[in-house]
Every structure is written in C-alpha cells, then in structure tokens.
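None of these values were measured; they are calculated from a predicted model. Numbers restart at 1 for each chain; the letters A, B, ... are given by sequence-line order, proteins then strands.
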Protein chains: 2
Amino acid sequence: MNAMTWLTEEEQTTWRAFLHATTLLEDHLDRQLQRDAGMPHMYYALLSTLSEAPGRKMRMTELAEQAKITRSRLSHAVSRLEGNGWVRRENCPTDRRGQVCVLTDAGHTELVRIAPGHVAAVRAAIFDRLTAEQSRRLGEISRLVAEGLHQPDGADVPWLR
Amino acid sequence: MNAMTWLTEEEQTTWRAFLHATTLLEDHLDRQLQRDAGMPHMYYALLSTLSEAPGRKMRMTELAEQAKITRSRLSHAVSRLEGNGWVRRENCPTDRRGQVCVLTDAGHTELVRIAPGHVAAVRAAIFDRLTAEQSRRLGEISRLVAEGLHQPDGADVPWLR
DNA sequence: GGGCACTTCTTGAAGCTTCAATGAAAGTCC
DNA sequence: GGACTTTCATTGAAGCTTCAAGAAGTGCCC
C-alpha cells in the first residue's frame, strides 16, 4: 500500500487503457476468426506457426513453447484441429514419448483461405491506427514485457513449479 | 495477399511480440490471482471497478461496458462472485428490468486484502520494466487501439449485430 | 543394469466464456 | 391504448482453458 507498491495516477490510467485495448482486441479477433474460420484466435496461431516450420511439422513441446501455451492446452487444441482434419499427429522417430504435429494439406489450404481476412483485421485494428514510429515502439515495449515473463508450465524451470 | 493487405516483416515481428507479451501477461496475472485470491483476473477487475463506483454499486450493463465484456459473461461472473459473498444483486429502483450489482463489505475486505499483491505483479511485469516515457507511449497506443474497437454485444450498435 | 528423477504428452473434471434463445419491462409510433 | 421494436438481464449448452494426475519413455548416476 505504500509508494513502492502502488501505481501512480498515470500508470493506473495506462494500465486500464492497456487492459481495455487487449480485451477488446482479443474479443474482436476471436469473433472475426470464429465467424470466418470457425476457430478461436489461438487455433489460428497454431496453424500459422506450423505452416512456417520446416516440413510444416513441429514437436508438441516446441509448438507449445512457441505459442506460449501449456502442453495441456495444446494437446486439447490439437485434438480438436485433428478432428477437423487440419492437423495430424505422428510419432516422433527420435523420442518414443514424443509426438509431431503436422499441418495437413487441408489445413494449409484452409489457412491460405482465412489468412487474408485475419491479417486485414489485425491491420485495421492496429497498424492502420498507429504511425510507423508507434508500431516500432509497441514492438519494443512488447519484447521488454515478454522478456520478464516465463512460459506457463515452467517446462524448463521445474524448481519453480 | 497484396501489399495492401499483408504485413511487412517488421509489422509481423511486432505483432508476434505483442501477442506473446499479452498471452504471457494474461496467463501470469490469472495465475497470480488464482493462487492468491481464487479468482481470475477479470473477476478481480469487476470487484475493483465496483469499488470505485459511487456507493460501490453499478448497473449490470454499465459494469459490463466498463469492463468491456458481454452482459452474458458478466451475468455468469456475478453469479459466481455472489456465491462467494463478494457481491450482491439488488433490484434497480428506476427500471424494473434492471439489476444493480453491489460490492459487499466482505467483497471490499477481500479486495483490500488482494489488491497489493496484484498491483505488485502488474508493476513487476510492466512498469518496472519500462521507462516513464515508454509507459506513456504504451498508454497512448492502447487508447488508439481501443478507440477503433467497439464493445462486444454491440449494445449500442444494434444494427451491426 | 537398477534405481531414481525428469520429460513428454494425454486425460478428465471443473471452471470460464461464448452463443443463441428467452422473459420481462420500457420505449416508440400512430 | 395497442402493436411493434428495443433494451435489460439471465439461462443452458457447447466449446475452450486450467489444473492435477497419470502412463510411458528417457537420462543419469553409481
């Protein structure tokens, strides 16, 4: 409750504005993708990440880390996407515990179909509203904030679990 | 797919960084509050918002708008918080359809108990990592982005539903 | 190579959010 | 006043996320 722990007026205003912006943005993008692609934003991000991986495939843990989600969440998500035929699980040849998540051709086709609409939504919501300078600053700030936070699961920080 | 709709390299990098930061941050804060207060971040925000309203009470719709969530979501949330005794529903005296959500004394006490920990988490994750200048810019950018997005529910934009 | 700790991934249940539908009251139009 | 539209808030079901637990494989250490 002292000066060290509380926020200044200005910080509080900033924090609220940030919360509002992120809440509205996530909702907006989720709705856009749900409407046009029948999937939430995170699922799109998974397909998108996979599409850029070599061979369009990735180990589950690696995919979870790249997407900043828990393995459990990924597991459920992949099950759903697999049900849709956008993704397929394969056994990992080098580690018999492991699974490799592969973007199917159907999944890739679907991604190609929905990407433009999604990118347009992102552009309209963010980059069309910011100057180049502001975009750059947003990137910088985002990187600083992300650096300070660790992965959920603490996959590589077991002593902190 | 043309230059108008796609993102530049830099924009893409920025967008990813932003997504990572917000994903990690939301997870982090949800975990912190779940651990220390047994509620998700949004529920804390509701209590916090209520606590600053005159009489610590607010109409459901107004609260939903301020928190940037749908009425439905709020309704479920308030039911849960009511079950915990942090909040109470009252009939609105001026509109018999309406409900007023009131922060109880117990709810206020609880809020006072958990606020410092939460604020510390926010500070550690954001403001301790940014310069004053960067914080100000984050606020500015957030406001710009939020301006471009409308409430879910489109409560006041029925023709867009 | 036997024991032990750790990693990989999945599962089911509980909690939260979304969506569409609903009842009830208020507002509008003539 | 009566018909129509809109707003307020809630509900239940379906989908998504979290959490704790667990099966199976790997790595290490002696």
- Item | Contact nearer the 5' end of DNA chain D, comparing Met42(A) with Ser72(B) |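 It is Ser72(B) whose nearest nucleotide is closer to the 5' end.
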- Message: Judged by each residue's nearest nucleotide on DNA chain D, which is more toward the 5′ side, Pro40(A) or Gln34(B)?
- Response: Pro40(A)
- Query: Hey, are the side chains of Glu11(B) and Trp6(B) touching, using non-hydrogen atoms and a 4.5 Å cut-off?
  - Reply: no
For the pair made of [atom1] in [X] and [atom2] in [N], what is the distance, rounded to whole Å?
{"X": "Ile69(A)", "N": "dC19(D)", "atom1": "CD1", "atom2": "P", "value": "14 Å"}
{"X": "Asp27(A)", "N": "dT17(C)", "atom1": "CG", "atom2": "C1'", "value": "9 Å"}
{"X": "Asp95(B)", "N": "dA9(D)", "atom1": "CG", "atom2": "P", "value": "7 Å"}
{"X": "Leu63(B)", "N": "dC8(D)", "atom1": "CG", "atom2": "P", "value": "14 Å"}
{"X": "Met39(B)", "N": "dG15(C)", "atom1": "CE", "atom2": "P", "value": "15 Å"}
{"X": "Gln99(A)", "N": "dA24(D)", "atom1": "CD", "atom2": "C1'", "value": "12 Å"}
{"X": "Leu74(A)", "N": "dC9(C)", "atom1": "CG", "atom2": "P", "value": "9 Å"}
{"X": "Arg59(A)", "N": "dT26(D)", "atom1": "CZ", "atom2": "P", "value": "10 Å"}

Looking at [X], I'd like to know whether one of its side-chain N or O atoms comes within less than 4.0 Å of OP1 or OP2 on [N].
{"X": "Arg31(A)", "N": "dC19(C)", "answer": "yes"}
{"X": "Arg89(B)", "N": "dT10(D)", "answer": "yes"}
{"X": "Arg73(A)", "N": "dT18(D)", "answer": "yes"}
{"X": "Arg96(A)", "N": "dC9(C)", "answer": "no"}
{"X": "Arg71(B)", "N": "dC8(D)", "answer": "yes"}
{"X": "Ser75(A)", "N": "dT11(C)", "answer": "no"}

- Item | Expected output: side-chain Ser48(B) to main-chain Tyr44(B) donor-acceptor under 3.5 Å | no
- Taking the side chain from Glu10(A) and the backbone from Arg136(B), do they hold a donor-acceptor pair closer than 3.5 Å? no
- Note on the structure: 5'-most contact on DNA chain C (nearest-nucleotide basis), Val78(A) vs Arg97(B), goes to Val78(A)
- Message: Within the 4.0 Å heavy-atom criterion, would you say Asp30(B) contacts the bases, only the backbone, or no part of the nucleic acid?
- Response: nothing
- Query: What does Arg35(A) touch in the nucleic acid at a heavy-atom separation under 4.0 angstrom: a base, only the sugar-phosphate, or nothing?
  - Reply: nothing
- Task: Record whether the side chain of His76(B) comes under 3.5 Å of the base of dG15(C) through a donor-acceptor pair of N or O atoms.
- Result: no
- Considering only heavy side-chain atoms of Arg80(B), the closest of dC16(C), dT17(D), dT7(D) is dC16(C)
- Query: Hey, what do you get for CZ (Phe127(B)) to OG1 (Thr14(A)), rounding to the nearest 0.5 Å?
  - Reply: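 Between atom CZ of Phe127(B) and atom OG1 of Thr14(A) there are 5.5 Å.
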- Rounded to the nearest 0.5 Å, what's the gap from CG on Leu46(A) to NE2 on His41(A)? Could you check?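 Leu46(A) atom CG to His41(A) atom NE2 measures 10.0 Å (nearest 0.5 Å).
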- Message: If you apply the rule side chain to side chain contact (heavy atoms under 4.5 Å, CB included), what do you find for Arg73(B) with Asp153(B), and how did you get there?
- Response: CA-CA 10 Å; Arg73(B) 186 174 175 183; Asp153(B) 252 8; over 6 Å; no
